Every structure is written in C-alpha cells, then in structure tokens.
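To start, I am sharing the structure in question, which I have written as structure tokens.
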Protein chains: 2
Amino acid sequence: MENKVTINDIARLTGLSKGTVDRVLHKRGEVSKKSYEKVMKVIEELGYKPNVFASLLAGGKGCLIAVVLPSGEKGSYWELAESGIAKVGADVEALGVRTQLFTYDQYKPESFHQTCTEVLEAAPDGVVLAPLFKEETSQFVLDLEEKGIPYVFVDSRLESEHYLAYFGMPMYQSGYLCADQLTGGFAIGSVLIVRVLRDKSRQADPTKNRRAGFIDYMLEHSPECSVSNIFIDPNDPDGTYQALDNYFKAHPETRHIVMFNSRIHLLVPWLSSHPVKGRRVVGFDNLPENVAALKRGTVSSLIAQRPDVQVKRAIEALAEAIVLQKLPPQKDSFMHMDILTRYNVDYY
Amino acid sequence: MENKVTINDIARLTGLSKGTVDRVLHKRGEVSKKSYEKVMKVIEELGYKPNVFASLLAGGKGCLIAVVLPSGEKGSYWELAESGIAKVGADVEALGVRTQLFTYDQYKPESFHQTCTEVLEAAPDGVVLAPLFKEETSQFVLDLEEKGIPYVFVDSRLESEHYLAYFGMPMYQSGYLCADQLTGGFAIGSVLIVRVLRDKSRQADPTKNRRAGFIDYMLEHSPECSVSNIFIDPNDPDGTYQALDNYFKAHPETRHIVMFNSRIHLLVPWLSSHPVKGRRVVGFDNLPENVAALKRGTVSSLIAQRPDVQVKRAIEALAEAIVLQKLPPQKDSFMHMDILTRYNVDYY
DNA sequence: AAAATTTCCGTGCACGGTAACGGGAAATCA
DNA sequence: TGATTTCCCGTTACCGTGCACGGAAATTTT
C-alpha cells in the first residue's frame with residue numbers, strides 16, 4: 001500500500017541478501033561493519049518500515065505485556081483497574097499481544113518485591129506498572145531498563161525516570177476541581193474532610209496532593225471557611241458512624257462532606273439515615289458502590305479517572321510501542337478528571 | 001499461538017485442497033454443494049478463524065472507510081469532528097485501514113445526495129456517517145445495505161435501521177444535565193435561552209430534544225422559574241449584542257444564560273463587556289473558542305461529547321468489524337456527556 | 001461415441017519477513 | 001603450506017492466505 005519498500009528492496013540496493021539485512025535489522029551480529037553501515041544508510045534513505053503482518057506471521061511469537069497492580073478486593077479501586085485488562089481493543093489483540101496480570105499486597109513492600117522478581121522471570125516485552133513503594137519501584141525500574149524492557153506508569157509515577165508514558169490523574173488539580181464541585185463556586189462556611197487511618201507502611205499518603213489542591217481552592221474562594229478532619233477505620237463501620245455522629249453533634253452547622261480516596265461509599269449508610277437538605281457530598285472514583293450512591297442522590301458528584309481505561313490505554317500504548325515502534329505522542333498528558341453526576345453517569 | 005487451526009487443517013480433514021476451502025470461505029462459487037457443506041461443517045466444529053496477518057499479507061489491499069460529514073468551517077463543530085480522522089490509533093492503521101473524508105453542505109440536501117453518490121462510487125468497505133437529512137439518509141442507507149457495506153452513525157442516527165453502531169450524545173439527557181449544571185441543583189428565578197435563527201431547510205432542529213430535557217429539569221426542580229428565549233443570527237454579531245442588550249434591559253433580574261448548540265462563543269464578547277457576579281453561562285461542545293472562554297471564566301461550564309473522539313471510535317469500531325469480524329459489544333451505548341469546567345479542561 | 005462444454009478442484013506462486021543451515025573466504029594455527 | 005577456525009553472508013524452507021492457472025471429471029452437444 002503506502003509503504004512499498006520491503007526488505008528485498010534493501011537487499012537489492014545494497015547488493016546483499018535479505019538474510020543479511022534481517023540480521024542488521026535485528027542486531028544479531030554476524031555482519032561486517034561495512035555491510036552494516038551500508039544497510040543502515042539505505043534503510044534511512046528509503047524510510048523502511050517493516051511490515052507488521054509479515055513479521056508477526058513469520059515470527060509468530062507475538063509479545064507479552066505484564067500488568068503489575070495491587071491486588072484488588074471485590075468492589076475496590078484496584079479491582080476496577082484490573083478490569084481494564086479485559087477491555088483492550090480487539091485490534092491490539094490482533095497484533096499478537098498477550099497480557100498477564102501480576103498483583104501484590106499494597107501494604108507489604110516485600111510482596112511487591114516478590115512480584116517484581118516474578119515479572120522479571122516471565123521476561124515480558126513490556127510492563128504496565130502501578131507503583132506504590134517508591135524505593136522498591138526505583139530498583140525494579142532499573143532492572144527493567146537494564147534489560148531494555150519498556151514500561152508505562154499507571155495511577156502514579158516516579159518523577160525522574162525514563163518511562164514510556166504515564167496514565168493517571170493530576171492529584172493537586174483533582175483536589176482543586178473537587179472543591180469547585182463541592183462549593184459550586186460559591187463561598188461556604190464549613191466543610192468536613194473524612195480520612196482513613198493509615199498504618200505506618202512505607203508508602204506515602206497518596207491523596208496528600210489532592211488534599212492540598214482542595215485546601216488551596218478553599219483558601220482562594222472561601223477564605224473564611226472552616227475545614228475539619230475526622231479519621232475513620234475502613235474496617236469498622238460502626239466506629240465510622242459513631243465518629244460522624246460525634247462530629248455533627250458538635251458541629252451541626254457543617255453540611256458538606258468530602259473524601260479524597262475512593263471510599264466515599266463507606267459513608268453511604270450513615271448519609272442515607274441522616275439526610276440533610278442541600279448537603280453536598282463529593283468523592284472520587286467510579287466504584288460500583290460509589291456510582292450506585294450517586295444515582296440515588298446520596299453522593300452529589302464523583303471525580304473519576306477511570307482506572308480501567310487508564311490500564312487499557314497503557315496496554316495499548318505499550319503494544320503500539322513494542323509491535324509498531326510508535327512512541328506515544330506525549331509522556332504525561334494522558335490524564336483525565338471526569339465529573340460524574342447522577343445525570344451523566346449512566347452514559348459513562 | 002492460540003488459534004492453531006489453519007486452512008490447511010481444514011483441507012486435510014475434508015480431504016479437499018486449501019484452494020477449495022478458500023473458495024467456500026470467500027463464497028466465490030465453483031464448489032459443489034457437497035464439498036461446500038463438508039467444509040462448513042468442519043469450520044464450525046473446529047471454530048476456524050482466519051489469520052488476519054496472513055490474510056492481510058496475501059491480500060494486501062487493506063480496506064477503505066469513508067467518513068461522511070458536513071463540511072466544517074474553521075473553529076466549528078464539524079471541523080472538530082473532522083480532526084478525529086487523524087487521531088485513529090496506529091494499531092488500526094496497521095491493520096491496513098485507509099480512510100477518506102467526504103463532506104457536504106449541511107444546509108443543502110442535494111449536496112448530501114451528491115456526496116452520497118460519490119461515496120458509492122468510491123466503493124468503500126465501510127461508512128461512518130453523520131446524518132442530517134432524514135429522507136436522503138434513509139435512501140443512502142438502503143443503497144449501502146444492498147451492497148452489503150456496513151455503516152456507523154455518528155452524532156445522530158436514524159431510528160430503525162441496521163447500523164453497526166452509533167456514537168453520539170443522548171440529546172434529551174444532555175439538556176437535563178445542562179440544567180443541573182446551570183442551577184447547581186438549586187431553584188433559580190429565571191434563565192435565558194439563546195437560540196439561532198434557522199432558515200427553513202429540510203433538517204429538523206437538532207437541539208430540540210436537548211431543549212426539552214432542559215425544560216423538564218427546570219419544571220421539576222424550579223417550577224416557578226421563568227424561561228425566556230431570544231434568537232440571534234450567527235452572522236450578525238452586532239445584532240446579537242443588540243438583542244442581548246434589549247433583553248437584559250427589559251429583564252435585569254435574569255442572570256443565567258444557556259445555549260443548546262456549540263455556538264456559545266458567539267456571546268463571549270458581549271459577556272466579557274457585561275460582567276455579572278454569580279452569573280452562570282452554560283454551553284455545549286469543546287470548540288477551541290468555547291474552551292478559551294471557559295478558561296477565562298466567561299463560560300461556567302460546557303457539556304462536551306468530543307465529536308473527534310466519536311469519529312475516531314466509529315472508525316475503529318468499523319475497522320474491527322470489517323477486518324477482524326468483531327462486532328461492537330453494543331450498538332448504542334457509546335455515548336458520552338462530559339462536564340468541562342475551567343479546572344478540568346486542561347486535562348481533557 | 002467422440003467432441004465440446006461446463007463444473008469442480010488441485011497446484012503453485014506470491015505476500016514480506018524470520019531464522020536455521022551451510023558454505024566460501026579470510027584469518028589463525030600447526 | 002596445509003589444516004582448522006572464525007567471520008560473513010547467501011540460500012532456503014517456512015508462516016497462513018489469496019488467487020490465477022490448468023487440468024480432470026462430469027455433463028452436454030453433435
């Protein structure tokens with residue numbers, strides 16, 4: 001079609017055989033320096049691009065992409081991310097891409113380490129990685145680079161590495177947007193932030209920047225607003241409800257509530273049994289339970305980043321890079337913040 | 001890899017040759033009824049799927065997808081849609097898919113008709129179609145069906161046809177959502193709808209349902225709200241500003257403004273020179289000018305459907321259907337309503 | 001019954017690339 | 001100088017399909 005130049009053309013023009021050309025294309029040696037350069041020159045001039053079909057047909061192997069995620073419990077954020085693997089387009093699957101999931105315990109750095117060695121043993125052609133532990137990830141990434149395995153970050157990323165691309169949400173801005181959704185742009189008097197207790201694992205609080213963005217918005221738009229925090233234990237519903245009761249007994253004037261992680265659904269039973277007119281409740285991520293609460297009106301709006309789509313797009317970008325040698329246009333601009341309300345969530 | 005069964009296997013099992021098998025696969029006759037059935041039976045049993053690579057390699061032709069859109073002026077909605085063609089993934093392009101754009105004058109049914117005949121002459125393997133004229137589209141679609149050319153609707157669709165898929169926005173619900181964005185969920189006193197004058201062309205008002213959804217929301221949530229309409233001529237800026245001046249002189253209490261098409265940007269100069277605190281302005285579609293106004297704060301929020309993405313996904317769905325024989329999972333559920341504010345538009 | 005068609009089917013090459021195999025020439029060694 | 005090794009490179013057999021070509025068998029025509 002468009003790309004008429006084949007490996008045979010190059011062979012003819014260089015006076016060599018296609019076997020030799022193939023050897024330089026795959027850098028598998030046994031080629032004299034002179035021949036190597038001659039071939040490279042012609043390839044450059046003609047803009048030769050290998051035919052993917054022929055290559056896949058002959059090679060047959062296809063490629064393997066490892067997806068490394070925290071293990072996702074039922075209904076959790078990471079389960080949603082996991083589901084993205086099943087959603088990769090038929091077109092990239094047709095390109096011979098297989099994909100394998102590796103999970104780790106998000107609270108145990110050593111589990112992550114263990115998983116990383118498993119990944120390296122599987123010798124994938126590319127890795128999609130949701131990193132939680134900075135130090136361990138740095139090491140893993142070095143191993144990957146050494147082996148020349150490209151990798152894509154999902155959800156969060158390390159700053160200064162040579163990753164191929166990053167699919168995630170800008171945390172600070174998402175907090176800012178969240179505040180805008182909560183207030184509707186008008187000044188409010190007070191707001192309650194509900195946070196979860198964190199045991200001191202080695203991972204930093206992933207919602208820290210989001211909270212910062214929220215606070216900054218409030219300072220700019222509602223400087224006199226009082227912002228309170230309470231902490232709950234995700235595994236203790238009764239304690240959670242108790243904490244809410246206590247807070248609102250002491251601060252009956254507060255109405256709006258926000259959570260910066262995906263667990264707003266933990267508050268739903270309490271919210272349902274304590275309805276307040278004009279209360280706005282804003283959370284993050286389109287977990288099934290969150291969406292259900294949104295539809296019922298218990299939650300006002302969700303800021304979603306669709307981890308499933310992120311994983312899907314990460315795999316696709318990686319596949320294009322590996323199979324087609326097409327680099328993604330930008331490294332970091334694949335970031336979404338979608339506003340969900342009960343009126344558009346059905347079409348999401 | 002996974003699909004080990006080849007055309008040769010079938011040939012061997014049926015005692016025929018691969019030439020014959022190929023003939024039944026492509027229905028090009030010259031096969032006895034007995035052989036035909038024998039082959040079909042084995043194909044069924046083994047679940048034979050042709051190897052896309054080999055097929056593309058041997059056939060070479062690839063496929064042609066025609067994209068039929070209204071011609072888009074600079075900065076218009078349809079120009080945005082057009083840009084989606086350039087955004088189709090490298091993976092589907094690698095599948096040998098070429099794409100050709102056909103445009104028509106959105107105000108002239110005969111122009112559409114003319115374009116349709118051109119499309120038929122080009123003999124594409126699939127058609128992406130943004131239909132505006134109901135009658136002419138019905139006829140065109142019949143022609144396509146007769147030739148067995150699959151087609152996908154974009155932006156709007158005909159109700160009862162055998163289209164492969166539809167990518168668009170649910171109009172009624174978008175109006176409903178729009179009202180929710182405008183009011184923030186609270187009752188308001190009055191709102192101004194700005195509409196464009198329509199010459200009596202054969203196409204119906206495409207925003208009619210959207211307006212209906214808006215009105216219904218207002219009736220339910222702000223029953224006492226007064227809703228006014230004014231009409232402007234898109235080609236007459238001064239007249240537009242004059243109309244706005246007149247209206248607001250007579251109704252100084254009205255603050256919020258909404259438009260149901262993509263032309264909210266027409267009001268921007270007037271809005272900028274007549275700032276009102278607490279005024280909410282809501283429009284549709286992420287045209288560059290609209291987005292710019294959103295960033296400056298002149299427009300409060302936009303409901304966007306990303307026509308470019310719709311076209312892109314339509315092409316991809318069609319390509320998968322043609323090349324890989326994979327039907328899209330659902331016909332109609334590819335509909336988006338994205339809420340854009342100045343705080344998330346940068347990451348859109 | 002022989003000739004002329006028609007129907008049906010097998011053979012073989014092409015598509016572009018991969019990789020094993022083997023061999024000629026140069027370099028090293030005996 | 002002859003034998004052996006090393007370095008390069010050409011040859012060749014695929015990968016799974018598409019399709020043109022030609023021929024055998026079945027059918028019709030004279």
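Everything quoted here is computed from the prediction, not taken from an experiment. Chain identifiers are assigned alphabetically (A, B, ...) following the order of the sequence lines, protein sequences preceding nucleic acid strands; residue numbering begins at 1 within each chain. Because only heavy atoms are used, hydrogens play no part in the values below, and waters and symmetry mates are left out as well, while side chains stay in.
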_Given 3.5 Å as the limit, does a donor-acceptor pair link the side chain of A:Thr137 with the main chain of A:Phe133, or not?_
yes

_Residue met sooner reading DNA chain C from 5', once B:Leu57 and B:Gly15 are mapped to nucleotides_ = B:Gly15

*State, to 0.1 Å, how close A:Ala130 and A:Leu69 come at their nearest heavy-atom pair, and which atoms those are.*
CB-CD2, 3.7 Å

_Atom pair distance, as rounded to whole Å: NZ in A:Lys38 and C1' in D:dC8_ = 13 Å

*Taking B:Thr14 for the side chain and B:Ile10 for the main chain, is one N or O donor matched with an acceptor at less than 3.5 Å?*
yes

*Under 3.5 Å donor-acceptor, A:Thr103 side chain and A:Ser71 backbone*: no

*Minimum heavy-atom separation for A:Asp155 to A:Tyr166, with atom names?*
O-OH, 3.0 Å

*For B:Phe53 and D:dC14, what is the distance between atoms CZ and C1' respectively, to the nearest whole Å?*
17 Å

_Any residue in residues 18-34 of chain B with a heavy atom nearer than 4.0 angstrom to DNA chain C? Just list them by number, or reply none._
B:Lys18, B:Gly19, B:Thr20, B:Arg23, B:Glu30, B:Val31, B:Ser32

*Five-pair end axes of the helix from C:dA1-D:dT30 to C:dA30-D:dT1 and the angle they enclose, rounded to 10°*: 60°

*Can you find a side chain N or O atom of A:Ser55 that sits less than 4.0 Å from OP1 or OP2 on C:dG16?*
no

*asked:* With a 4.0 Å cutoff (strictly under), does any side-chain N or O of A:Thr6 reach OP1 or OP2 of C:dG16?
replied: no

*Any chance NZ of B:Lys41 has more than 12 other-residue heavy atoms, nucleotides or ligands included, within less than 6.0 Å?*
no

*Grab the CD1-P distance between B:Ile10 and D:dT17 for me, whole Å please.*
8 Å

*Hey, does the side chain of A:Tyr48 come within less than 4.0 Å of C:dG17's phosphate (OP1/OP2), counting only N and O?*
yes

_If you assign each of A:Ala54 and A:Ser35 to its closest nucleotide in DNA chain D, which residue comes earlier from the 5' end?_
A:Ser35

*Taking only residues two or more places apart in sequence, or in another chain, which ones meet A:Tyr151 in a ring-ring contact (aromatic ring centres under 6.0 Å, His included)?*
A:Phe153

*How long is the span from the NZ atom in B:Lys312 to the CZ atom in B:Phe167, to the nearest 0.5 Å?*
10.5 Å

_Out of D:dC9, D:dC15, C:dC9, whichever nucleotide has its closest atom nearest the side chain of A:Leu16_ = D:dC9

_Checking A:Tyr77 against A:Glu82: is there a side-chain donor and acceptor pair closer than 3.5 Å?_
no

*Between A:Arg12 (CZ) and C:dG17 (P), how many Å, whole number?*
13 Å

*Let me know the distance between CG of B:Leu46 and P of D:dG16, rounded to the nearest Å.*
15 Å

*Let me know the distance between CG of B:Asn51 and P of C:dG16, rounded to the nearest Å.*
16 Å

